[in-house]
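Notes follow once the structure below has been shown.
Please read all numbers here as calculations on a predicted model, not as lab measurements. Within every chain, numbering begins at 1; the chains are lettered A, B, ... in the order of the sequence lines, protein sequences first and strands thereafter.
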2 protein chains.
Amino acid sequence: MSSRPTIHQVAKAAGVSISSVSRALNGNTSNPEMVAKVRAAVKQVGYVPSAVAQSLKTQQTGQIAFAMEDIGNAAYLAMVREIQPRLREDGYRLLLHATAADVQDEIDVLESLAQKYVDGLILCPIRVTDRHIEALRSPAVPVVVIGQLPDHVGVDNVRTDSRQGARLAVEHLYAGGARRIAFVNGPADTVPGHARYAGYREGLRACGLEVDELLVEVGDFQVAAGQAATERILARTDVDAVFGANDLIALGAMHALRSAGRSIPGDVQVAGMDDTTLAETSFPPLTSVSLGSRERGGIAAEMLLARLHGGTEPAQRVTVPPSLTVRQSTVEVSE
Amino acid sequence: MSSRPTIHQVAKAAGVSISSVSRALNGNTSNPEMVAKVRAAVKQVGYVPSAVAQSLKTQQTGQIAFAMEDIGNAAYLAMVREIQPRLREDGYRLLLHATAADVQDEIDVLESLAQKYVDGLILCPIRVTDRHIEALRSPAVPVVVIGQLPDHVGVDNVRTDSRQGARLAVEHLYAGGARRIAFVNGPADTVPGHARYAGYREGLRACGLEVDELLVEVGDFQVAAGQAATERILARTDVDAVFGANDLIALGAMHALRSAGRSIPGDVQVAGMDDTTLAETSFPPLTSVSLGSRERGGIAAEMLLARLHGGTEPAQRVTVPPSLTVRQSTVEVSE
DNA sequence: TTGAAAGCGCTACCAA
DNA sequence: TTGGTAGCGCTTTCAA
């Protein structure tokens with residue numbers, strides 16, 4: 001692992017100064033002979049510029065960080081797949097931080113920004129605490145937050161409205177003929193759990209239905225919990241639709257219903273949320289509320305890039321509306 | 001975005017030299033008063049060391065790159081989820097490269113290593129060409145390759161044996177009573193497609209069965225293709241088991257079988273490959289051959305870390321054997 | 001133990 | 001147009 005050639009060896013090989021080498025390589029010269037000479041020398045000695053030295057001088061790293069809870073989560077995965085190519089187009093490398101839903105980790109990421117190892121950050125906080133807000137007050141580099149942020153925080157922010165999304169799902173199930181619409185939620189003390197439950201109730205109300213607590217169960221956001229919760233509901237009351245707070249839960253509900261001999265959507269309609277690939281590949285394919293993860297990722301990337309390109313307008317706030325992807329697990333009623 | 005304080009402001013605030021600040025911060029001093037003074041000054045001016053400047057001086061970036069085709073692929077996802085926390089333990093940040101299965105991109109990644117923006121690389125090549133081998137001859141930083149590598153290439157390498165894995169699946173289906181075992185493959189001209197088909201035939205032979213081309217179909221590695229291919233097979237011949245070349249294909253096969261009114265595993269057993277979360281969450285849960293993606297990721301991380309910690313032994317080569325995860329989509333026979 | 005100073009490899013200013 | 005040179009912010013050697 002011998003040390004790589006530096007700009008000095010190139011200069012010596014070309015018989016010119018290091019300034020000329022730098023200029024030739026960065027296109028800041030108009031002498032084609034010089035360029036040719038330098039290029040030849042570069043090839044000869046096998047020179048590749050040091051990214052670190054360039055960064056120290058230019059104060060730019062060409063790197064952007066994306067911090068989220070867990071890349072295994074389908075929503076974040078969708079974002080990364082959108083963000084990475086977009087950043088790459090502009091010559092940025094992507095750095096991944098998995099915070100494992102640890103608030104301290106998120107704060108650490110925010111504070112480590114002062115080390116200047118990246119030019120910007122896209123952050124998906126699991127929760128927004130006072131410490132987040134404090135750390136976001138004057139970040140060392142531009143930051144874009146994906147998720148809900150209090151209005152007074154002056155940081156670019158792209159969000160969605162899962163409450164509204166849950167309402168969409170309920171209204172769709174109602175339109176398909178359902179009257180006893182069960183809801184299987186994740187933990188109620190999480191931001192998404194809270195919002196989705198609120199949307200569920202709001203949807204019922206909008207359809208003129210009462211909230212019946214017999215129809216509501218809570219687990220975590222996984223398949224097994226969705227299945228178990230649905231079984232509990234089936235054991236105590238009648239149901240003609242199940243709305244799962246995410247696709248995993250809805251998938252579990254389908255398993256429970258199938259085991260109980262109910263046909264989908266004939267006997268019971270099922271809808272989920274997040275519109276992951278799981279929804280496409282399940283049997284039957286699952287109707288799901290899309291929260292626009294891909295789109296939010298793309299928008300966040302654009303916002304950050306705009307800042308890095310010198311954008312100086314006040315903090316932006318974009319909301320991606322939820323939308324319903326209807327598949328065979330529910331009944332579609334044409335108008 | 002005012003410029004951050006440097007070590008000089010700390011030195012001035014503490015009334016000492018920058019060398020003393022550096023020493024105090026890096027634990028290279030034995031004067032507790034000095035440490036206290038410096039710490040106070042650091043806090044006072046809000047100093048955070050520049051990662052870039054440190055890198056230039058120490059010739060280490062604290063970053064490691066992971067390059068694969070597409071993070072959306074469940075196998076690579078599993079690897080990242082294993083690699084990232086492990087690297088983090090040792091203080092390394094993870095950089096993600098998605099090459100979109102473009103050979104030129106992979107070569108670019110390899111060559112860009114000379115820019116020294118990372119301390120090491122874990123590479124999952126989609127195919128190994130002469131250009132790869134050339135680029136791997138003397139990489140600027142340590143590299144670990146996940147995948148098949150010719151023996152003469154002196155690079156740390158962790159691999160699996162999907163041929164052997166396919167054979168495992170076939171033998172398991174046979175043991176469960178299957179005699180007409182269909183195989184739905186992905187493209188035969190890919191490395192995995194080729195190996196899995198070879199393993200399928202080998203498994204049949206080991207069980208004393210003939211290869212019947214009526215039982216073999218090809219599509220791509222997706223659910224829809226698996227479903228369509230299975231329908232084609234069902235239309236022309238009898239089947240009592242379907243082995244899908246990956247979990248997506250197997251899932252598609254289950255859809256086709258269910259639509260045709262066949263019970264799983266009563267009428268037809270189904271097995272897949274890769275043992276992704278899809279296999280756990282399908283209905284019924286899918287028996288699948290694990291190619292040890294998580295484990296391979298973990299081993300690759302350990303290998304790289306060993307190099308970075310100064311390991312200088314000759315190139316290692318580790319093979320993770322495939323294993324079968326039996327779930328409800330097949331019949332288990334106890335001995 | 002402390003401080004001065006020499007770089008790490010590059011870019012960009014300033015003179016020539 | 002070219003070359004010398006001053007840093008970018010840090011670590012580490014060398015004297016004091």
Q: Verify the distance criterion only: is there a donor paired with an acceptor across the side chains of B:Q115 and A:Q54 at less than 3.5 Å?
A: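 Side-chain D/A pair, B:Q115 to A:Q54: absent.
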**Q.** From B:I122 atom CD1 to B:L94 atom CG, the distance as rounded to the nearest 0.5 Å
**A.**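 So the gap between those two atoms works out to 7.5 Å.
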Q. Distance from A:R81 atom CZ to A:I71 atom CD1, nearest 0.5 Å?
A.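 Atom-to-atom, A:R81:CZ and A:I71:CD1 are 10.0 Å apart.
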Q. Can you pull the contact range of chain B along DNA chain C, 5' to 3', using atoms under 4.0 angstrom from its heavy atoms?
A.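 In short, chain B contacts DNA chain C from C:dT1 to C:dG9.
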Q. Can you list the residues that meet the salt bridge (charged side-chain N to carboxylate O under 4.0 Å, His left out) rule with B:E89, with sequence neighbours excluded?
A.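 B:E89 satisfies salt bridge (charged side-chain N to carboxylate O under 4.0 Å, His left out) with B:R86 only.
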Q) What residues, two or more places apart in sequence or in another chain, satisfy salt bridge (charged side-chain N to carboxylate O under 4.0 Å, His left out) together with A:D119? A)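 Salt bridge (charged side-chain N to carboxylate O under 4.0 Å, His left out) check on A:D119 returns nothing, list empty.
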Q.
Tell me whether A:E134 is salt-bridged to A:R131, with the criterion being a basic N under 4.0 Å from an acidic carboxylate O.
A.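 A salt bridge is absent here (no side-chain N lies under 4.0 Å from a carboxylate O).
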Q) Is A:R317 salt-bridged to A:D151, cutoff N-O under 4.0 Å? A)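 So A:R317 pairs with A:D151 through a salt bridge.
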Q) Hey, can you pull the residues of residues 26-35 of chain A with a non-hydrogen atom under 4.0 angstrom from DNA chain D? A)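 Close to the strand are A:T29, A:S30, A:N31, A:M34.
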Q | Partner residues of B:S293 under the side chain to side chain donor-acceptor pair (under 3.5 Å) criterion, sequence neighbours left out | A |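 B:S293: side chain to side chain donor-acceptor pair (under 3.5 Å) contacts with B:R296.
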Q | From CA spacing to verdict: side-chain contact (heavy atoms from CB on, under 4.5 Å), A:L308, A:V141 | A | CA-CA 9 Å; A:L308 295 177; A:V141 299; over 6 Å; no
Q: Assign B:V52 to base, sugar-phosphate, or nothing according to its heavy-atom contacts below 4.0 angstrom with the strands shown.
A: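 Answer is nothing: B:V52 stays at 4.0 Å or more from every strand.
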Q) What does A:T6 touch in the nucleic acid at a heavy-atom separation under 4.0 angstrom: a base, only the sugar-phosphate, or nothing? A)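 Touches sugar-phosphate only.
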Q) Mapping B:S50 and B:R23 onto DNA chain D by nearest heavy atom, which one lands closer to the 5' end? A)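 First, find each residue's nearest nucleotide; the 5'-ward one identifies B:S50.
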(Q) Under a 3.5 Å distance rule, please check whether B:N73 uses its side chain to pair with a backbone N or O of B:A75 as donor and acceptor. (A)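 Yes: the side chain of B:N73 pairs with the backbone of B:A75.
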Q) On DNA chain D, which is the earliest and which the latest nucleotide, 5' to 3', with an atom closer than 4.0 Å to a heavy atom of chain A? A)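 So the outermost contacting nucleotides come out as D:dT1 to D:dG9.
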